[in-house]
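Have a look at the structure below, then the notes.
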Amino acid sequence: MKKIIASALLVSLSLIAFSQSIELSNDFRLASPFHEPDGANDVVRLKDGDFVTIAKLKGGISGKSDFAIERNDGSSLKVMWSALVSVAASEDFKDLYFNGKDLVLLSVIHNEVEKKTQLVAYGYDVKTGSMLWNKELESYTIAPYLEVDNRGSVKESFIDIICEHTTPSFVTPFEFKHNLRFSSDESKFVSYVFDFSQRTLSASVVVYDNAGNALKKGKVTIDAGYINHGIFVNNRGELFIVNANNVGKVNIIRLDLDTKEFKIVEIPGSNYKKDELITLFINDDNLIVGAVELYEEKLVGVTYAVANFVTGVLDKHVSDKFDDAVFANVSEGRKSLKSIKGEDNWIDYDLSHMFIFETEGVILVLEKRSLYADGYPHIAPGTFDKKHQVEINGHVHAEGIIILTYAKDNARKWVQYIAKNQVYPSTDGLNTISYVIDDSHHSNIRIIYATSEAMDGSITTINLMHIDRVSGKVVKQTVLPNESKLMLV
């Protein structure tokens with residue numbers, strides 16, 4: 001049995017914020033070393049402070065696996081109830097959420113022999129853990145992949161390329177994947193599955209309420225020359241599609257699945273490629289899209305824009321080409337950590353978080369991430385191609401974090417660089433390494449991450465940083481004791 005810190009919930013950041021010791025911990029069951037690498041949501045915070053977790057107890061990278069769903073008391077961390085769930089190798093849990101009545105677990109069953117994929121839902125009593133219901137939400141036949149030179153494409157996330165290069169039975173293959181995104185108020189979610197068997201790329205799309213009832217369904221086509229960066233749903237159940245091309249143009253499309261009527265707000269192209277897009281709703285009619293800007297695949301800046309679907313134009317478009325202050329900040333930060341060698345090559349930066357605040361503006365957070373293995377020194381996200389699916393014995397490398405904040409007048413307020421150097425087996429994804437960020441505190445942005453100096457890869461230090469929201473300066477940095485070899489998952 002291992003102990004863990006789970007996304008700043010099992011050992012809350014609020015508990016450890018102003019001390020140099022862990023005030024409260026409890027055993028958490030995580031007996032299998034083969035954690036799921038696909039980034040599925042595995043912690044649900046309830047309004048009363050309790051939280052529910054799902055953790056793998058038994059199973060490797062193939063075959064049957066056992067999981068435990070547990071409700072934990074928010075004050076004592078003690079387990080209030082536990083439900084054991086066993087699944088075959090063809091089933092992967094994708095999301096766990098509370099809809100106000102039931103605890104709902106969404107899961108994908110992919111049958112590669114019969115070429116079928118299903119999205120199913122299980123409902124649990126949040127008070128007792130008893131299963132109340134289960135149902136199939138959607139099912140599709142996956143036709144053979146067709147090689148086409150000029151067709152719309154789909155952006156791979158960093159997690160996607162990890163999954164594409166692990167044992168096929170360990171994860172859901174990309175073509176079988178049901179992509180899930182929730183509305184801001186979590187009253188609805190959209191599921192979409194891409195069809196790569198035709199000369200034109202399309203996706204089968206269904207909008208559900210949070211009880212799993214289908215509200216709308218239809219097809220979405222991705223035009224040739226464009227890369228899809230996600231399909232989203234607002235609180236009203238309206239669909240939004242975000243596509244970009246290789247010359248920096250971004251189309252944000254609102255589509256009515258019933259009438260097929262659509263409206264486009266465009267972010268114009270530039271000399272730089274926009275990549276690693278993040279889309280958030282400000283309200284039902286306004287979206288903000290953030291991205292990194294690349295020149296010859298190297299990071300040169302960031303950008304964000306606010307699309308207004310009432311007026312049909314951009315309310316705001318900010319492009320920040322990095323100046324000497326940013327490059328110097330990163331260079332000096334890298335020199336502060338002996339395990340980082342040489343100057344930054346400015347590739348592999350992922351826009352991992354974007355926060356918007358009515359009074360403060362926008363915060364963008366980037367992390368340098370790469371995947372490598374013997375014979376594969378550098379594997380980077382691109383657009384999905386079935387030829388990418390090659391099993392390797394790889395490692396994930398997560399380096400420094402760049403935080404940039406922008407005022408309401410669009411001016412950059414400050415930039416902060418956090419030097420770190422983490423390496424872990426790729427079958428774990430970003431479960432143990434990378435970082436957790438908490439933006440809820442009124443005066444500080446708080447970041448927690450784990451590091452290892454041990455030859456066996458065990459986590460030897462847990463680092464907690466407090467960054468002043470106004471100045472961007474690190475106001476407190478704590479290395480937490482880790483005799484129990486706590487780990488982030």
Side-chain angles (χ1 to χ4, degrees), residues 1-13 22 24-46 49-74 76-98 102-108 120-131 159 162-163 166 169-172 180 396 424-434 436 448 450 457-459 462 482 484-489:
M1 185 179 294
K2 294 183 179 180
K3 294 182 179 180
I4 68 168
I5 295 180
S7 298
L9 288 177
L10 286 187
V11 179
S12 169
L13 281 176
I22 295 174
L24 184 63
S25 68
N26 197 20
D27 286 341
F28 178 82
R29 295 200 290 169
L30 187 64
S32 173
F34 299 101
H35 315 148
E36 305 298 309
D38 58 5
N41 181 39
D42 51 12
V43 180
V44 176
R45 190 80 177 259
L46 304 177
D50 292 351
F51 56 93
V52 180
T53 61
I54 182 167
K56 191 172 184 178
L57 301 182
K58 184 180 179 181
I61 58 176
S62 62
K64 174 184 171 183
S65 297
D66 294 337
F67 293 79
I69 304 174
E70 296 181 335
R71 178 169 178 170
N72 300 266
D73 183 272
S76 67
L77 306 185
K78 292 183 178 178
V79 175
M80 301 170 64
W81 54 256
S82 181
L84 182 66
V85 183
S86 297
V87 296
S90 59
E91 184 167 3
D92 296 304
F93 298 138
K94 293 303 175 186
D95 213 304
L96 181 69
Y97 66 93
F98 180 58
D102 301 328
L103 187 69
V104 181
L105 178 62
L106 298 178
S107 187
V108 170
V120 296
Y122 306 97
Y124 294 86
D125 188 320
V126 74
K127 295 181 179 179
T128 66
S130 300
M131 183 184 288
I159 293 296
I162 292 173
C163 292
T166 190
S169 61
F170 190 34
V171 296
T172 302
L180 303 172
V396 173
Y424 217 72
S426 60
T427 51
D428 188 69
L430 294 174
N431 288 326
T432 299
I433 60 173
S434 192
V436 174
I448 189 168
S458 60
I459 302 304
I462 296 174
N482 196 30
S484 299
K485 294 187 177 180
L486 295 163
M487 58 188 293
L488 294 171
V489 299

Got [X] and [Y] here, is their nearest side-chain heavy-atom distance under 4.5 Å?
X	Y	result
Thr172	Lys94	yes
Leu106	Tyr97	yes
Leu430	Ile159	yes
Val43	Val52	no
Phe98	Leu46	yes
Arg71	Val126	yes

- Does Ser107 have any side-chain hydrogen bond (donor to acceptor under 3.5 Å, both in side chains) partners at least two apart in sequence or in another chain, and if so, which?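 Once residues adjacent in sequence are excluded, the partners of Ser107 under the side-chain hydrogen bond (donor to acceptor under 3.5 Å, both in side chains) criterion are Glu91.
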- Residues that Asp73 engages under side-chain hydrogen bond (donor to acceptor under 3.5 Å, both in side chains), provided they are two or more places apart: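 Residues passing side-chain hydrogen bond (donor to acceptor under 3.5 Å, both in side chains) with Asp73: Ser76.
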Which atom of [X] lies closest to which atom of [Y], heavy atoms considered:
X	Y	result
Trp81	Lys127	CD1-O, 3.2 Å
Gly429	Val396	O-CG2, 4.0 Å
Phe170	Lys56	CE1-NZ, 3.6 Å

Can you measure from [atom1] ([X]) to [atom2] ([Y]) and round to the nearest 0.5 angstrom?
X	Y	atom1	atom2	answer
Phe93	Ser65	CZ	OG	9.0 Å
Ser86	Lys64	OG	NZ	4.0 Å
Leu103	Ser130	CG	OG	12.0 Å
Thr427	Ile162	OG1	CD1	9.5 Å

- Item | Candidate list Asp102, Ile69, Leu96, test side-chain contact (heavy atoms from CB on, under 4.5 Å), partner Tyr124, passing option |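 Among the candidates, only Ile69 passes.
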- Item | Test side-chain contact (heavy atoms from CB on, under 4.5 Å) applied to Asn72 and Leu77, Asp50, Thr53, the passing residue |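 Considering Leu77, Asp50, Thr53, a side-chain contact (heavy atoms from CB on, under 4.5 Å) with Asn72 is found only for Thr53.
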- Message: One pair to check against side chain to side chain contact (heavy atoms under 4.5 Å, CB included): Leu84 and Leu57. What are the steps and the verdict?
- Response: CA-CA 9 Å; Leu84 182 66; Leu57 301 182; 3.9 Å; yes
- Can you name the residues that form a salt bridge (Lys or Arg N to Asp or Glu O under 4.0 Å) with Asp66, not counting sequence neighbours? none
- Message: We want to know whether Ser82 and Glu70 form a side-chain donor-acceptor pair, criterion being a heavy-atom distance below 3.5 angstrom.
- Response: yes
- Test side chain to side chain contact (heavy atoms under 4.5 Å, CB included) on Phe51 and Val44 and set out the steps. CA-CA 5 Å; Phe51 56 93; Val44 176; over 6 Å; no
